[in-house]
Structure formats: structure tokens, C-alpha cells
Amino acid sequence: MNYKIALIRGDGIGPEVVGEAVKVLEAVGKKFGHSYELVDVLMGGCATDAVGKSYPDGTAEKCKACDAVLLGAVGGPKWGADKPAEQRPETALLAIRKDLGLYANLRPAALRPAMADACPLKKETALKGIDLMMVRELTGGIYFGKRDKYETADRGMEATDLMAYSEMEIERIGRRAFELARLRRGKVSSVDKANVLETSRLWRSVMHRLAQEYTDVQYEDVLVDNCAMQLVRDPGQFDVVVTENMFGDILSDEASMITGSIGLLPSASIGDSAPGLYEPIHGSAPDIAGQDKANPIATILSVAMMFRYSFQRPAEADAIEGAVDAVLAEGWRTPDIAEPGVTPIGTRQMGDLICQHI
Ligand code: NAD
């Protein structure tokens, strides 16, 4: 196959980690007979420097003409909150998600076998294994609701944020979760706060309707406070966890912490039509940029997700994930994950070793 992939290298360590991911794409291409058309797309602080805007005109169109988008990271102190919105990299991130219609954020939290010691939970919990997929609704809920701030007569200032969800928004993310569970271990845990919130009661009723349809998938409701506890008590019980935007924002960070390192975790944001956006969960790490210290694994595993979810090529995804596990099992570590006494390797060497294993 020939795949057309947009590369948003971005800022800080973004270009370094995307560079290693490109090497991995080439290694996979060689092994499985694929070729690529790689399209560089300028976005983020580097775009502000080059053309005065973090999200240059035509960015979405360039990405839409591709089969998938790979993003390193954008942002940095140079383009901080004092800058106008169109110059800030965060503006570009929100804009591209909206323009590509990416309503589902998939964040796997898997403890890689060789990294069990990095898990901050009890050893017996880590040994049971952690392999869950957090599915977060990305374009609705309180982050996008009407907000207001006003003076009251007797209580000073008051502020409100509206949380709204429609059946359509709930159903499309719910279907994603059930379909994903079919590709995994066949279980969906839907997280809400139905004992308090009206939006959660609607969420739950739509999920129950879907559960009747996907009878081959095991289904459960979990209250968000209980889910936060269960994630540290027994994360191995979860397979696919689906939830609304704000709960997902918080729970996905909690889930990533239990797997050890921010440098190891990929993510995907997908909508109904191509292309999906694949990116590591970490930021641009300006403190280590340009020093060959960044861990490229999160970006490389994002490429594995691209093969699995955008290209429906599980063998290629397995080959990448297997190579990462093999390199970690041999004891190779970048500085962020090196145990005391281990001499770390650099970004480029880590990329090379993973390619060799592919
Ligand atoms: P960060 O994720 O960039 O860094 C947090 C810490 O983790 C730093 O100490 C960094 O050195 C380390 N780290 C991150 N990724 C690493 C890797 N691959 N290998 C080794 N160490 C790694 O978060 P931050 O410092 O809060 O943010 C820095 C900038 O990134 C900010 O401008 C922020 O807005 C931006 N950001 C961008 C995205 C994105 O592009 N999607 C996401 C989060 C933050």
C-alpha cells in the first residue's frame, strides 16, 4: 500500500521524536511492502515564527488530503499566554481537532512488561498487568458549553460553565467504545455521575441501549469517583473505559501515571472520516529539546496506533509494539526511564534499535 501521511513536527522535542517515528515507518514499509508520501505541515510555535500564525491558512486542508496525521508536539515558553490567540500553539491544537472532526480520543494505558518496576502501584497489582484503553469524548461537554461570569447583588462575582450532551454525541462515542472492545478483550466500562448529573443519566440511558445491541461485549456502569479509586486499586479489571470530556481528561492522566513514564504513551484522536490524528501524550519538553535525550517511544507507538486504527493493519502495529517491548526487555533506556546505575542511550539510538527489531 501507499499511505499519504501528514507530519506535524512542531516545537521542542517534536521534530526529534517525529524523526525517529519516520525511521520506524520506513522499517515497517520495508518489511511489509508499503510506501509513503510524507507531507510536512507547519503548525505550532514554529509556524508563528515563520508566518505569524500557529495555525496557518490551509493547514486543515493539507491534513484532510492525507490518510493520517502524525503530530510531535507544539508549544513552548516563547509563545506563552501573553501572546495573541492566533500566535499561541494551543489555539492550533484545538483548531485542528475541531476542523478534522476528531470527537474520540483514545489513550491506551498499558504497562509494558519490561517496565513493571516503574509502576507506582503495589508490585502484586503491577504483576497482574495493566492494559486498558481510555476513550474520551473530545468535542462536547463542559469544555465547550456556554460560560458566563457576572456580578451578583450580595455574593460577589459568580461564574457558570454549562455541561451539555446530546444523544447523538453520546451514541457516536459509545459505538466507538463497543467496536474497540470487540478488537480487544470484549469489555466496556462506561463512567458517569448518574447519581447526580442529568447529562450522566442521558449518557447512561444511551449506553444501555447500545449494550443491548452489542450483546457480545460485557458492559458495566462505573461512577466516576469509584473509577478514580479502582484505577489505583485494581486497574487490571478495565479493558475499554468510555467517558465524557472532563472526566476523561482527569482519568486519562491518572491512568497514564500508573504505567510509569510520560515518554512511553501514545494517543489517537479519531472522527468518522479520515484522517485520524496520532500523537504522543507528552508535550514539547523544551527543557530537553535538541539534546538527543527525548524518549521517542510514545511517538513510535502512536505510529503503531495509526496502523491499527486508521489503516486496519494489525500485523504492522504488532511488529512495532513487539520491537519496542524487545528493546526494553534488553534493558535499553532513554534518560527519563533509566533506573539508577543504567547508562542511558539517546533518542536516535533508541529509534535505531527499534527499527532493527522490526
Ligand atoms: P511536557 O510533557 O512537555 O514535559 C513534562 C516533563 O516530562 C518535562 O520534564 C519533560 O522533559 C518530560 N518529558 C516529556 N516528554 C518526554 C519525552 N518524550 N522523553 C523524555 N522526557 C519527556 O509538559 P510541559 O512541560 O507541561 O509542557 C511543555 C510545552 O508543551 C508547553 O508549551 C505545553 O503547552 C506543550 N504541550 C503540548 C502538547 C501537545 O502538543 N499535544 C501537550 C502537552 C503540552
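Just so you know, ligand 1 is whichever comes first in the structure, and atom 1 is the first atom listed for that ligand. Hydrogens, waters and symmetry mates are skipped; everything else that's a heavy atom, side chains included, is used.
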| For atom 25 (O) of ligand 1, closest protein heavy-atom neighbour | Pro286 CD, 4.7 Å
| query | Among side-chain atoms of Thr139 and Glu137, is any donor-acceptor pair under 3.5 angstrom? | reply | yes
| query | From atom 38 (C) of ligand 1, is the closest protein heavy-atom distance below 4.0 Å? | reply | yes
| request: Considering only protein heavy atoms, determine whether one is less than 4.0 Å from atom 27 (O) of ligand 1. | output: no
| query | Is a side-chain donor-acceptor pair under 3.5 Å present for Asp148 with Thr160? | reply | no
| note | Looking only at protein heavy atoms, what sits closest to atom 3 (O) of ligand 1 is Ala285 N, 2.8 Å
| Backbone N/O of Ala109 and side chain of Thr259: donor-acceptor pair under 3.5 Å | no
| Quick one: which of Asp287, Thr347, Val74 has a heavy atom closest to atom 9 (O) of ligand 1? | Asp287
| request: Considering the heavy atoms of Gly75, write down every atom of ligand 1 situated less than 4.0 Å from one of them. | output: 32 (O)
| message | Determine whether any protein heavy atom is located less than 4.0 Å from atom 20 (C) of ligand 1. | response | yes
| query | For atom 7 (O) of ligand 1, what's the nearest protein heavy atom and its distance? | reply | Ile262 CG2, 3.9 Å
| Do NZ/NE/NH1/NH2 and the carboxylate oxygens of Glu158 and Lys149 come within less than 4.0 Å? | no
| task | Could you tell me whether Glu171 and Arg175 make a salt bridge, using a distance below 4.0 angstrom between a side-chain N and a carboxylate O? | result | yes
| Cation-pi check, Arg172 onto Tyr103 ring (under 6.0 Å, within 45° of axis) | yes
| request: Please could you name the atoms of ligand 1 that Glu279 approaches to less than 4.0 Å, counting only its heavy atoms? | output: 41 (N)
| field | Closest approach of any protein heavy atom to atom 18 (N) of ligand 1, naming residue and atom | value | Asn295 O, 3.0 Å
| query | Can an N or O of Gly76 be found at a distance shorter than 3.5 Å from an N or O of ligand 1? | reply | yes
| Hydrophobic cluster identity match, Leu183 and Val135, side-chain contacts under 4.5 Å | yes
| said: Starting from atom 30 (O) of ligand 1, what is the nearest protein heavy atom, named by residue and atom, and what distance separates them? | reply: Ser284 N, 3.0 Å
| message | Under a 4.0 angstrom heavy-atom cut-off, which atoms of ligand 1 come close to Ala294? | response | 19 (N)
| message | Please list, in number order, the atoms of ligand 1 under 4.0 Å from a heavy atom of Ala73. | response | 40 (O)
| Atoms of ligand 1 less than 4.0 Å from Leu93 heavy atoms? | 39 (C), 40 (O), 41 (N)
| For atom 43 (C) of ligand 1, what is the nearest protein heavy atom, given as residue, atom name and distance? | Gly283 CA, 3.5 Å
| Distance only, no hydrogens: is a donor on one side chain within 3.5 Å (strictly under) of an acceptor on the other, for Ser256 and Arg107? | yes
| note | among protein heavy atoms, the one nearest atom 22 (C) of ligand 1 is Ile288 CD1, 4.0 Å
| request: For atom 34 (O) of ligand 1, grab the closest protein heavy atom and report residue, atom and distance to one decimal in Å. | output: Glu90 OE2, 3.0 Å
